[in-house]
Amino acid sequence: MLEGMSYSTADLSRTVTLDDVRGAQKMLSGVARTTAMEGSRHLSQLVGAPVLFKCENLQRTGSFKLRGAYVRIAGLLPEERAAGVVAASAGNHAQGVALASALLGVTSTVFMPRGAPLPKISATQDYGAEVRLHGQVVDETLAAAQEHARQTGAVFIHPFDHPDVIAGQGTVGLEILEQCPEVRTIVVGVGGGGLAAGIAVAVKALRPEVRIVGVQAEGAAAYPPSLAAGRPVSLAHPATMADGIRVGRPGDVPFGIVGDLVDEVRTVTEDQLSAALLLCLERAKLVVEPAGASPVAALLAEPGAFEGPVVAVLSGGNVDPVLMQGVLRHGMAAQGRYLAVRLRLTDRPGALATLLGVLSGADANVLDVSHVRTDPRLGLTEAEVELHLETKGPEHCVEVGRALRDAGYTVMR
């Protein structure tokens, strides 16, 4: 539960059951798409068994969040609907609440941080919500949304800590069993835990032998210490590029379910997230946000740890283009496909052209060149050159370095 927010005892103690998830599935008929299941030949070869993607990045609003938001709002009493709803989010939950509210004829207000990406702000507004920008960090935005709820009577729609939300997210699990009845392992990203909890409720009730593996970003992994302590534990400063799972504390309701039904929670690094996003784009032709690519990152990190068939849930595709550009660069660097080198050469006409000729012969693509002549550390006839190169991988990086040394250059880094 978010600090400062309270729910009734009935809300917090209510068990989410298979019947709840099935009821949510009926409620979402004609609202949420049954998203596609796509095979990944590359990951299947690595794992040694079929690997399929559950493409919630292709869901309406670009993520699974519509499912839980719609079920939660649809379950409000008439007087609660009349008061409207309020949410706080920098992205996926905002859009899910906005569209669900519009479909149900409920007024919605969404608080977003001032630094939220413009495409996400515009999308939330286009779905019908009133967007209010407040604060620089999510905690400030949440506080503003909670204060709005107290002052106006609007119902605060939590992104993961409510049984109705969990039941809605659990419909992803029912679809997985329908689309891939032979599944042995389901891998899903974990932030607050609503999606993992919902999937676990549905799948374990029908196929208890199926293994459920949660994945968290290493810098925002609140579940491992929480599970070890037996209670939700807060992280002081969760940090990861995967904003969809950057949650500092597990939800009270999903925590108990995850502890009981999820078999394992793994963590992945930022480099692994970048590589996973790049793989989704290049190999699967799917635009996936870092949080949505976290299951793929876990498969890449230790492919032999997963019994197949494996279903990886791509939970969202709402990635800011600026972030996408940076993440792709990071992913390529993590795979050894970028190389930065610095060297000195004689400052004479044609020297730079000769250097570029060596790189061309080594089949390295020059992305950027910095040519410095005025550094006081340089000799009178010296120049320093820094180059950023695109390569074909770690082995090619070694070949480029060897070609430079063979040509008489001293590579300084």
Side-chain angles (χ1 to χ4, degrees), residues 1-3 5 56-57 59 61-69 72 87-97 113 116 120 137-139 141-142 157-162 165-166 168-170 172-173 186-200 212-227 232-259 262 264-270 272-273 276-277 288-298 312-319 323:
M1 187 194 310
L2 297 174
E3 291 185 9
M5 206 63 224
E56 281 296 290
N57 59 311
Q59 183 58 261
T61 75
S63 88
F64 71 96
K65 289 289 190 178
L66 171 65
R67 297 174 184 262
R72 173 74 174 106
S89 169
N92 292 345
H93 181 58
Q95 294 173 62
V97 168
K120 294 186 177 182
V137 296
V138 175
D139 285 346
T141 307
L142 286 169
I157 305 300
H158 199 288
F160 49 82
D161 205 7
H162 193 280
V165 173
I166 293 171
Q169 320 305 29
V172 175
I186 297 173
V187 191
V188 55
V190 179
L195 178 60
I199 289 174
I212 311 291
V213 178
V215 182
Q216 293 208 287
E218 193 173 72
Y223 263 91
S226 296
L227 292 170
V233 173
S234 298
L235 299 180
H237 302 289
T240 174
M241 72 174 80
D243 58 348
I245 54 174
R246 190 172 59 223
V247 178
R249 182 184 185 277
D252 290 308
V253 181
F255 176 76
I257 298 171
V258 170
V262 172
E264 179 186 7
V265 177
R266 291 174 166 253
T267 61
V268 293
T269 67
E270 300 298 282
Q272 289 164 347
L273 286 168
L277 189 146
V288 182
E289 62 190 88
S294 59
V296 178
V313 181
L314 306 183
S315 57
N318 292 319
V319 57
L323 176 63

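All values reported here derive from a predicted model rather than from experimental measurement. Heavy-atom basis, side chains included; hydrogens, waters and symmetry copies ignored.
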Evaluate the side-chain proximity of [Y] to [X]: yes if any heavy-atom separation is below 4.5 Å, no if none is.
| X | Y | answer |
| --- | --- | --- |
| I186 | V313 | yes |
| R266 | V213 | yes |
| Q95 | S63 | no |
| S315 | V188 | no |
| V190 | V258 | no |
| P290 | V319 | yes |
| F255 | L227 | yes |

Determine whether a donor-acceptor pair (N or O, by modelled atom type, separation under 3.5 Å) exists between the side chain of [X] and the backbone of [Y].
| X | Y | value |
| --- | --- | --- |
| Y223 | R249 | no |
| N318 | T61 | yes |
| T267 | Q216 | no |
| E270 | M241 | yes |

In Å, rounded to the nearest 0.5 Å, how long is the span from [atom1] of [X] to [atom2] of [Y]?
| X | Y | atom1 | atom2 | answer |
| --- | --- | --- | --- | --- |
| Q59 | L66 | CD | CG | 6.0 Å |
| I166 | I257 | CD1 | CD1 | 4.0 Å |
| R67 | L195 | CZ | CG | 9.0 Å |
| S294 | I245 | OG | CD1 | 4.0 Å |
| I157 | R72 | CD1 | CZ | 4.5 Å |

Kindly write out the residues that satisfy side chain to side chain contact (heavy atoms under 4.5 Å, CB included) with [X], not counting sequence neighbours, or none if the list is empty.
| X | result |
| --- | --- |
| V288 | N57, C280, L286, A293, L314 |
| A312 | F53, P295, L299 |
| A222 | L235, P250 |

Minimal non-hydrogen separation, [X] against [Y], with atom names:
| X | Y | value |
| --- | --- | --- |
| I212 | V262 | O-CG1, 3.6 Å |
| G68 | Q169 | N-OE1, 2.9 Å |
| A88 | L142 | CB-CD2, 3.5 Å |
| P254 | G194 | CB-N, 4.0 Å |

Got a sec, which residues hit salt bridge (charged side-chain N to carboxylate O under 4.0 Å, His left out) with E289, two or more places apart in sequence or on another chain?
-> none

Partners meeting salt bridge (charged side-chain N to carboxylate O under 4.0 Å, His left out) with E218 (sequence neighbours left out) = none

Any pair with a residue in residues 235-245 that passes salt bridge (charged side-chain N to carboxylate O under 4.0 Å, His left out), sequence neighbours left out, goes on the list, sorted by first then second residue, please.
-> K120-D243

Does the pair S89 and V97 meet the rule for a side chain to side chain contact (heavy atoms under 4.5 Å, CB included), with working shown?
-> CA-CA 10 Å; S89 169; V97 168; over 6 Å; no

